[in-house]
Amino acid sequence: MGHGTSRDERTGGGMAAGSRMGVVGGSIAGCAMAVAGIRAGAEVTVYERGDGELRDRGLGIVIPPPLHAQLVAKGYLDAAMPTAPVSARVWLTRAPGERSAREFARLPSPVTPCNWGLLWGALHAATTGARYHRGRPVTWVGRAPAGGALVRTAGGEDAYDFVVGADGHRSLTRRVLAPDLRPSPAGYAVWRGTLPVDASAEHRRPMELLREAWVTIGFPGGHGIFYLIPRGGGAGPDDRLLAYAVYATPPAGSPGEAGYVRQLAEEHFPREWADIVARGEHTAMTCHPVADLHAPLAADPPFLLAGDAAGVTRPHTASGAVKALQDALCLEEALRTSACPEDALRHYARERTPEVARLVELGRRLGRAQVERAPDWTVMDQGSVDAWCRATLAGTSSYLYADTVDTD
Ligand SMILES: Cc1cc2nc3c(=O)[nH]c(=O)nc-3n(C[C@H](O)[C@H](O)[C@H](O)COP(=O)(O)OP(=O)(O)OC[C@H]3O[C@@H](n4cnc5c(N)ncnc54)[C@H](O)[C@@H]3O)c2cc1C
């Protein structure tokens with residue numbers, strides 16, 4: 001594993017030790033689940049459809065600092081993986097009748113932004129000890145007549161004590177547990193982009209702000225999020241990329257071209273922030289329709305779902321990867337403390353099924369409040385943002401709203 005942890009410390013030696021665990025999908029959830037299995041003493045095989053490195057996928061991933069610390073302590077992540085932590089969230093909008101920014105609220109919000117590729121690379125490095133097959137799509141999974149599960153690929157059929165579906169939002173594994181489940185479209189989209197920080201040198205004020213906080217910009221009918229992430233790709237640990245995500249409803253009939261989000265930013269964002277969006281590198285993956293879904297059960301032996309396969313939350317919760325990482329910590333604990341893999345999977349289902357449902361519901365509420373029924377941002381101030389966040393959270397918690405707990 002290479003993070004200073006010996007095999008004896010890593011493997012739980014629990015009753016699940018030696019059980020055969022198959023993992024469909026080798027992205028964030030698949031790698032994290034593989035590490036969990038190895039640490040609990042299982043024999044792990046991962047099947048990943050993609051045949052290249054997954055490093056270039058995705059852009060920024062924000063996780064809570066305590067989770068980052070826990071993953072480093074347990075050897076899931078190398079402490080040397082660069083991150084770009086900040087401790088506050090600043091809310092801006094365009095001053096009425098002007099092009100300048102008006103800061104209307106600032107909340108404590110400690111977050112650890114990561115580069116997706118570096119996060120995947122660190123998790124993948126920690127899967128040493130598992131068999132990781134690239135370019136090996138799984139074509140079918142099913143129950144074995146004598147118990148356990150079967151995984152079929154072009155190379156044949158393999159038998160496992162249990163199989164983890166970490167195969168993303170279109171999960172083939174989930175179809176065994178919930179054949180009729182379909183995503184619910186939110187009716188709006190998110191545009192994501194990045195900009196190297198040296199290309200934003202003339203945006204002095206935004207860059208100063210982003211070194212201490214992540215920024216939300218409200219505009220009629222939506223909002224944008226801006227934050228710095230480590231640059232990755234061999235750059236120094238302190239090199240940064242500016243990452244953003246803009247949520248809005250694309251015009252009817254339009255698939256959401258990059259031109260639309262630039263036009264929107266030009267019309268509604270403070271000047272320097274519109275300029276950042278105008279320059280962002282929009283790649284093919286930068287406009288996603290927003291949708292959500294959650295499986296009715298996170299596990300039903302011999303199958304278990306993790307990450308987006310178990311549920312997709314709207315990105316406002318910044319919790320898709322977080323959930324996948326917590327899924328892995330839960331599986332490790334369940335395998336270490338259960339009498340057999342079936343009990344471990346039932347333990348996992350009891351803990352993770354309600355958590356996925358909670359996050360999906362929270363994502364819907366945040367989406368309604370911040371996009372579908374976005375407030376008149378021009379009249380918002382610190383007090384109204386505090387009250388509005390409390391009302392939106394409605395008693396539940398989110399690490400993004402660290403200090404906004406409902407005390408009523
Ligand atoms: C705009 C946006 C912002 C986000 N921001 C955050 C954030 O700040 N924080 C956060 O925690 N999350 C965030 N997320 C969510 C996060 O990106 C995802 O939830 C997370 O990456 C999902 O990981 P996964 O491994 O479950 O799925 P995926 O990354 O989709 O991986 C699934 C893998 O399975 C493989 N696969 C699929 N089918 C098969 C098959 N049949 N055989 C073999 N392999 C297969 C695929 O090739 C793929 O590699 C964001 C998402 C969006 C859209």
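Every number for a ligand or one of its atoms is a count from 1 in the order of the listing.
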Original post:
Between W91 and H223, is a side-chain contact (heavy atoms from CB on, under 4.5 Å) present by the stated rule, with each step listed?
Top reply: CA-CA 10 Å; W91 300 71; H223 69 282; over 6 Å; no

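Residue-to-ligand polar distances keep P315 apart from ligand 1: every N/O pair is separated by 3.5 Å or more. Some N or O of R49 is nearer than 3.5 Å to an N or O of ligand 1, by distance alone. Polar contact with ligand 1: absent for H169 (N/O pair, distance under 3.5 Å). Residue V138 has at least one nitrogen or oxygen atom sitting less than 3.5 Å from a nitrogen or oxygen atom of ligand 1, judged on distance alone. Ligand 1 has an N or O atom lying under 3.5 Å from an N or O atom of A321, backbone or side chain. Distances between N or O atoms of E48 and those of ligand 1 include at least one value under 3.5 Å. Considering backbone and side-chain atoms alike, V322 places an N or O below 3.5 Å from some N or O of ligand 1. Ligand 1 has a nitrogen or oxygen under 3.5 angstrom from a nitrogen or oxygen of V62. Of the polar atoms of A318, at least one N or O is found under 3.5 Å from an N or O of ligand 1, judged by distance alone.
No heavy atom of A245 sits closer than 4.0 Å to any atom of ligand 1. Put simply, part of S319 is less than 4.0 Å from ligand 1, judged by heavy atoms. Heavy-atom distances between I61 and ligand 1 reach below 4.0 Å in at least one pair.
If you look at A166 next to ligand 1, the close heavy atoms, those under 4.0 Å, all belong to the backbone.
Residues T45 and R131 have side chains that bring a donor and an acceptor to within less than 3.5 angstrom of each other. Side-chain N/O atoms of E372 and Y247 include no donor and acceptor closer than 3.5 Å. When only modelled atom types and interatomic distance are considered, Y47 and D167 share no side-chain donor-acceptor pair under 3.5 Å. Side-chain contact, R94 with S100: no donor N or O sits under 3.5 Å from an acceptor N or O.
If you check each of D167, L359, V141, L400 against atom 36 (N) of ligand 1, the one with the closest non-hydrogen atom is D167. Between the choices V46, V290, D308, the shortest heavy-atom distance to atom 19 (O) of ligand 1 belongs to D308.
With a 4.5 Å cut-off on side-chain heavy atoms, V322 and P64 count as touching. The side-chain heavy atoms of S27 and W116, taken from C-beta on, include a pair separated by under 4.5 Å. E351 is not listed as a side-chain neighbour of E333, based on a closest heavy-atom distance of 4.5 Å or more. Between R211 and L228 the shortest side-chain heavy-atom distance falls below 4.5 Å. The closest side-chain heavy-atom distance from V163 to V151 is below 4.5 Å.
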